[in-house]
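In what follows, a single structure is set out as structure tokens and then discussed.
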Amino acid sequence: MESEIRVRFAPSPTGYLHVGSLRTALYNYLYARKVKGKFILRIEDTDQARYVEGAVENLIETLNQVGLEYDEGPDIGGNYGPYFQSQRTEIYGKYADELIEKDAAYFCFCTSEDLEIMREEQIAKGEDTRYDGRCRKLSKEQVQENLDQGKPYVIRAKIPKEGEIVFFDIVREKVSIMWETVDDQVLIKSDGFPTYHLANVIDDHLMKITHVIRGEEWLSSVPKHLFLYNAFGWKPPKMCHLPLLLNPDKSKLSKRQGDVAVEDFLKKGYLPEALLNFVALLGWHSKSDKELYSLEELEKEFSLKRINKSGSVFDIEKLNWMNGHYLRELESGYVAIKARPFFIKAGFDINDNEKYLKIIEVVRNRISTLSEITKVAAPFYETIKYSEEDKQIINNENSQRLFSFWLKNIQVLDIITEENINRLLKQSTDELGIKGKDLYFPLRLALFGSVHGPELPVIFDVLGKEEVLGRLSKMLD
RNA sequence: GUCCCGUUCGUCUAGUGGACUAGGACUCAGGAUUUUCAUUCCUGCAACAGGGGUUCGAUUCCCCUACGGGAUACCA
């Protein structure tokens, strides 16, 4: 089992699942499934200041809703737990000590005020703002003395001052960075918690992670991480940095310019199938021109090698189209289930399941998100309100003759079939001399409240004889 | 500012030196189907950031410039 591929999705619980994170989670998931490896969820909650109540539950809930199942994680356990970093502080402390022993890290007693002053001086001199390493020079005795006095401290990485580090990223290929541009990163904060950089390296190693697949914003941190792997004598995982998701103005996708929370998309009536498919295409493309994929198909097709390098704009127009596509193509029973909350919220009585399913079938190809569905279905549930323009058509002499004719002829019918309707349509033309728009528009207006809309037999079928009669007779007032 | 990464139609992208009059998808425009609308189908508009090389030949390789983004925290 040494060769088993293990990847992880490691979000910090700051409130909700971001669509960019969804894409990262998806790629991790897909790669794991593709190579029959393991997909792990780990919560990076080392920042106590950013703790958000309920964020983890929310994150897990959203992941469940879109169907991204993980093999190990905080709520389901696994052999490499705990999966909350906040529950692993002792582990990090131990390894930090090891780093000190190996002279790969050092105690730093600078206060945030000290740092602030240092930074201002550097800016004034036009220098780069980096920790100047003053605490590196502290002797063992001085350090011990400070420690004994109970002075607050952090532990910093003792990053090399010269030379260059070259590493290979699956997406970026060769990347090289000069050590002198890398800061002496804080590893253990003064509250005793580790920073992301330390925790992530230790956990990835302990959890036997083989591939780190994450956003591009981490690319410049890789040297810090590689430094740690090297100091510990560990083999680093393969790196794979994903191109960023962008706002329409090409800046990093943010809340300010629209929805970014997956739960909000779900609430608005985007289907998991569409969300996943759409997001999969942001940065990845199969060899073929195929763009419509189910999760299962993606699991077979996906490959890290075909991830591209440049950031992608999150184009809501295409998402809308894709969502509409799934609304039309997926099994109608499934769409009916997904649509149910929207009908309930609109106050529509959907207890008549047969009618409800018929309506779903009618309206689902007229919308791109479920949030629009009740508006389209409303004429089937509510009393129709007419505009002045509508009333003109309704009160038109021909229209009135038409309504009387249909009322009379439908009353005598046992059941309304499509044949019946077509026959009456023909009779309307033959006997009343009404045809074309003069025929269809008034009828659709009477029964559906709009001159445009579904085919007449469909409307009759959904409404049923009694309701059709009721609506027709209302026209004669 | 510094470091790193990137740059093909408006957007998502195909393309790894000749098969490119640069292909697909979304959007948009036109048409067909339909009593209407929606769906569906067809057609069209639209791009290799710029400049130097390398080469018989560059979208493809190298360099420079421009532009964009990311990172520069005791946040992740």
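These values consider heavy atoms only, across backbone and side chains, with no hydrogens, waters or symmetry-generated copies. Keep in mind that this is a model prediction, so the values were computed, not measured.
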**Prompt:** In the structure shown, which nucleotide is the Watson-Crick or G-U wobble counterpart of B/U59, with both distances under 3.5 Å?
**Reply:** none
**Asked** Hey, is the side chain of A/Arg444 poking within less than 4.0 Å of OP1 or OP2 on B/A38, counting only N and O atoms?
**Response** no
**Prompt:** Base, sugar-phosphate alone, or nothing: which one does A/Asn365 contact when heavy atoms must sit under 4.0 Å apart?
**Reply:** base
**Asked** What's the closest nucleotide to the A/Ser310 side chain, out of B/U11, B/G6, B/C5?
**Response** B/G6
**Prompt:** So, is A/Lys189 near the phosphate of B/A76, with a side-chain N or O under 4.0 Å from OP1 or OP2?
**Reply:** yes
**Message:** Under a 3.5 Å distance rule, please check whether A/Asp461 uses its side chain to pair with a backbone N or O of A/Val458 as donor and acceptor.
**Reply:** no
**Message:** Let's test this: given Watson-Crick or G-U wobble pairing with both distances under 3.5 Å, identify the partner of B/A25.
**Reply:** B/U11
**Under 3.5 Å on both distances, the Watson-Crick or G-U partner of B/U36** = none
**Request:** Return no unless some side-chain N or O of A/Thr181 is found under 4.0 Å from OP1 or OP2 of B/U72.
**Result:** no
**Asked** Of the nucleotides B/C12, B/C74, B/A76, which has the atom closest to the A/Glu217 side chain?
**Response** B/A76
**Request:** Measure from the side chain of A/Thr129, starting at C-beta and using heavy atoms only, and say which of B/A73, B/G70, B/G24 lies closest.
**Result:** B/A73
**Asked** Looking only at side chains, do A/Asp184 and A/Tyr106 share a donor and an acceptor under 3.5 Å apart?
**Response** yes
**Prompt:** Within less than 4.0 Å of OP1 or OP2 of B/C26, is there a side-chain N or O belonging to A/Asn320?
**Reply:** no
**Message:** Check this for me: does the side-chain of A/Ser220 come within 3.5 Å of the base of B/C4 through a donor and an acceptor?
**Reply:** no
**Prompt:** For A/Ser288, which contact category applies under a 4.0 Å heavy-atom criterion: base, sugar-phosphate, or nothing?
**Reply:** nothing
**Prompt:** Between B/A14, B/C3, B/U2, which one does the side chain of A/His285 approach most closely?
**Reply:** B/A14
**Asked** Taking any strand in view, what nucleotide pairs with B/G68 in a Watson-Crick or G-U wobble way, both distances under 3.5 Å?
**Response** B/C5
**Residue A/Arg156, side-chain atoms from C-beta onward, closest of B/C74, B/U13, B/G6** = B/C74
**Prompt:** Has the side chain of A/Arg172 got a donor or acceptor atom sitting under 3.5 Å from an opposite partner on the base of B/C5?
**Reply:** no
**Fill in**
Using Watson-Crick geometry (N1-N3 plus N6-O4 or O6-N4) or G-U wobble (N1-O2, O6-N3), each under 3.5 Å, B/C41 is paired with B/G31
**Prompt:** Are A/Tyr229 and A/His205 near enough that their ring centres are under 6.0 Å apart?
**Reply:** no
**Asked** In whole Å, what is the span from the CG atom of A/Leu219 to the C1' atom of B/A76?
**Response** 16 Å
**Message:** Does B/G68 have OP1 or OP2 under 4.0 Å away from a side-chain N or O of A/Lys252?
**Reply:** no
**Asked** Is there a donor N/O on one and an acceptor N/O on the other, under 3.5 Å, for the side chain of A/Glu216 and the base of B/G69?
**Response** no
**Asked** Counting only side-chain N and O atoms of A/Thr46, is one of them less than 4.0 Å from OP1 or OP2 of B/A76?
**Response** yes
**Option from A/Tyr381, A/Phe343, A/Phe342 for which ring-ring contact (aromatic ring centres under 6.0 Å, His included) with A/Tyr356 holds** = A/Phe343
**Asked** With under 30° as parallel and over 60° as perpendicular, where do the rings of A/Phe314 and A/Phe278 fit, or are they tilted in between?
**Response** perpendicular
**Complete:** Of the candidates B/C26, B/G24, B/A76, the side chain of A/Trp218 sits closest to B/A76
**Message:** Between B/U39 and A/Arg328, counting only base atoms on the nucleotide and side-chain atoms on the residue, is there a donor-acceptor pair under 3.5 Å?
**Reply:** no
